[in-house]
Amino acid sequence: MAAPSNDNEERRTILVVEDEPTLATAIAQRLTNEGWTARVAGDGATAVKAADKLHPDLIIMDLMLPVMDGIEATKRIETQHPIPVLMLTARDDEADVVIGLGAGADDYMSKPFSMRELVARVRALLRRVDRAKVIAHKSENDRILDFGTLVIDPAKRHVTLDGKQVHLTPTEFDLLTTLAKQPHSVLTREQLLEEVWDWVDASGTRTVDSHVKALRHKLGASTIRTVHGVGYAFEPPEA
């Protein structure tokens, strides 16, 4: 058994929502071997009930599920208890990914995947949860980022566009804030991965791209500028 890290991960509960029994068992076993507590649900409706009862620290959610699909299950869970969600998709279709992120998922992986990468993604998400709590406390005195029609409040983790609140996932908010604190400055995908996702390699650059697409869908295509081959820059809306 792998020794759990020193951040109390051994007490973390992870809900695995997967309708393929062999894969669900394999994922749960690997998570258990890493020192976490794993629970399994075989469909979306059961997952919603399990999340309400267990209050897991993280959910691994398959996109294609019987009874209720992963998109709808994620939406319902996020309205009850905001929980980090790692979505699994077999189709790797860009539209599915953006919809999944828009529903509240924090990250996604395409099948087939390696258990090693899955564990790395889980660890990164759990670290981000802990770091977000610290950042929220430190941000109590942070200035509001006021760009006229777009206002970002780091302390309250609140975003408004044209006076109306915009619902962003925790990952989307962190990505937007990271970019908005340096308007017009280009940040590479690798920089964003390290700052937002706490990854130190470039294996998740497509994750950055997908989250940027989700942000553009909610805030407007011109909000984030692509610098091809490099990364992204935040462009404040014109007054």
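All figures in this text were calculated on a predicted structure; none of them were measured in a lab.
When side chains are defined from C-beta on, Leu88 does not count as touching Met61, because their heavy atoms never get closer than 4.5 Å. Here the side chains of Thr160 and Ile152 are not in contact, with every heavy-atom distance at 4.5 Å or above. Between Ile14 and Asp57, every side-chain heavy-atom pair lies at or beyond the 4.5 Å cut-off. Side chains of Leu118 and Met109 form a contact here, defined as non-hydrogen atoms less than 4.5 Å apart. Contact check for Ile83 versus Leu15: no side-chain heavy atoms found under the 4.5 Å cut-off. For the pair Thr37/Arg12, no side-chain contact is recorded, criterion being any heavy-atom separation below 4.5 Å from C-beta on. Taking the side chain as every heavy atom from C-beta outward, Val159 and Leu176 approach each other to under 4.5 Å. Counting heavy atoms from C-beta outward, Asp62 and Thr89 have side chains that stay 4.5 Å or more apart.
Every residue two or more places apart in sequence or in another chain was checked for a ring pair (Phe, Tyr, Trp, His ring centres under 6.0 Å) with His217, and none qualifies. Residues satisfying the side-chain contact (heavy atoms from CB on, under 4.5 Å) test with Ser114, not counting sequence neighbours, are Arg116, Glu117. With sequence neighbours excluded, the residues forming a side-chain contact (heavy atoms from CB on, under 4.5 Å) with Asp43 are Ala45, Thr46, Pro66, Val67, listed by chain and number. The salt bridge (charged side-chain N to carboxylate O under 4.0 Å, His left out) check on Lys49 picks up nothing, with sequence neighbours excluded. With sequence neighbours excluded, no residue satisfies ring pair (Phe, Tyr, Trp, His ring centres under 6.0 Å) with Tyr232. Scored by the side-chain contact (heavy atoms from CB on, under 4.5 Å) test, Val227 finds Val186, Arg225, Val230 as partners (sequence neighbours excluded). Judged as a side chain to side chain donor-acceptor pair (under 3.5 Å), and not counting sequence neighbours, Gln80 has no contacts. Taking Arg30 as the reference, Glu34 meet the salt bridge (charged side-chain N to carboxylate O under 4.0 Å, His left out) condition, with sequence neighbours excluded. By the side-chain contact (heavy atoms from CB on, under 4.5 Å) test, Pro84 is found to be paired with Leu58, Asp106, Val129, residues two or more places apart in sequence or in another chain being considered.
Scanning both residues, Ser185 and Ala233, for their nearest heavy atoms gives O-CB, 3.3 Å. Residues Gln182 and Leu187 share a closest heavy-atom pair of NE2-CD2, 3.9 Å. In plain terms, the two heavy atoms of Leu150 and Pro237 that are nearest each other are CB-CG, 3.9 Å. Nearest heavy atom pair, residue Pro236 against residue Pro183, reads CG-CB, 3.9 Å. Across Gly42 and Leu65, no two heavy atoms sit closer than the pair O-CD2, 4.3 Å. For Val48 against Ile77, the heavy-atom pair with the smallest separation is CA-CG1, 4.0 Å.
Judged as a ring-ring contact (aromatic ring centres under 6.0 Å, His included), the pairs with a partner in residues 145-178 (not counting sequence neighbours) are, in order, Phe147-Phe234. For residues 68-89, the set of pairs meeting the salt bridge (Lys or Arg N to Asp or Glu O under 4.0 Å) definition, not counting sequence neighbours, comprises Glu72-Arg76. The list of ring-ring contact (aromatic ring centres under 6.0 Å, His included) pairs with a residue in residues 42-86, not counting sequence neighbours, reads His55-His81.
Atom CG of Leu23 and atom CD of Glu18 lie 4.5 Å apart (nearest 0.5 Å). Between Glu190 atom CD and Leu193 atom CG the span is 7.0 Å, to the nearest 0.5 Å. Here the CD1 atom belonging to Ile27 is positioned 5.5 Å from the CD1 atom belonging to Ile60, to the nearest 0.5 angstrom. Taking CZ from Arg157 and CG from Leu168, the interatomic distance works out to 9.5 Å, rounded to the nearest 0.5 Å. Atom CE of Met68 sits about 10.5 Å away from atom OG1 of Thr74, to the nearest 0.5 Å. In this structure, the separation between OG1 on Thr207 and CG on Leu175 is 11.0 Å, given to the nearest 0.5 Å.
Linking ILVMFWY residues whenever their side-chain heavy atoms come closer than 4.5 Å, directly or via other members, leaves Val151 and Leu145 in distinct clusters. With hydrophobic clusters built from ILVMFWY side chains whose heavy atoms lie under 4.5 angstrom apart, Val166 does not share a cluster with Ile144.
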Does Leu31 form a side chain to side chain contact (heavy atoms under 4.5 Å, CB included) with Gln29? I'd like the steps, not just the answer.
CA-CA 5 Å; Leu31 296 175; Gln29 185 60 58; over 6 Å; no
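Side-chain atoms of Thr188 come within 3.5 Å of backbone atoms of Gln191 as a donor-acceptor pair (strictly under, hydrogens ignored). The closest donor-acceptor contact from the side chain of Thr177 to the backbone of Asp174 lies at 3.5 Å or more, if one exists at all. Using a distance-only test at 3.5 Å, with no hydrogens or angles considered, no donor-acceptor pair links the side chain of Glu20 to the main chain of Thr22. Without hydrogens or angle criteria, Arg216 side chain to Ile224 main chain gives a donor-acceptor distance under 3.5 Å.
Under the 3.5 Å distance criterion, with hydrogens and angles disregarded, a donor-acceptor pair is assigned to the side chains of His184 and Glu235. Residues Ser210 and Tyr108 bring a donor and an acceptor atom of their side chains to less than 3.5 Å of each other.
Comment: Glu195 does not engage Lys181 in a salt bridge, judged by the lack of any side-chain N to carboxylate O separation of less than 4.0 angstrom.
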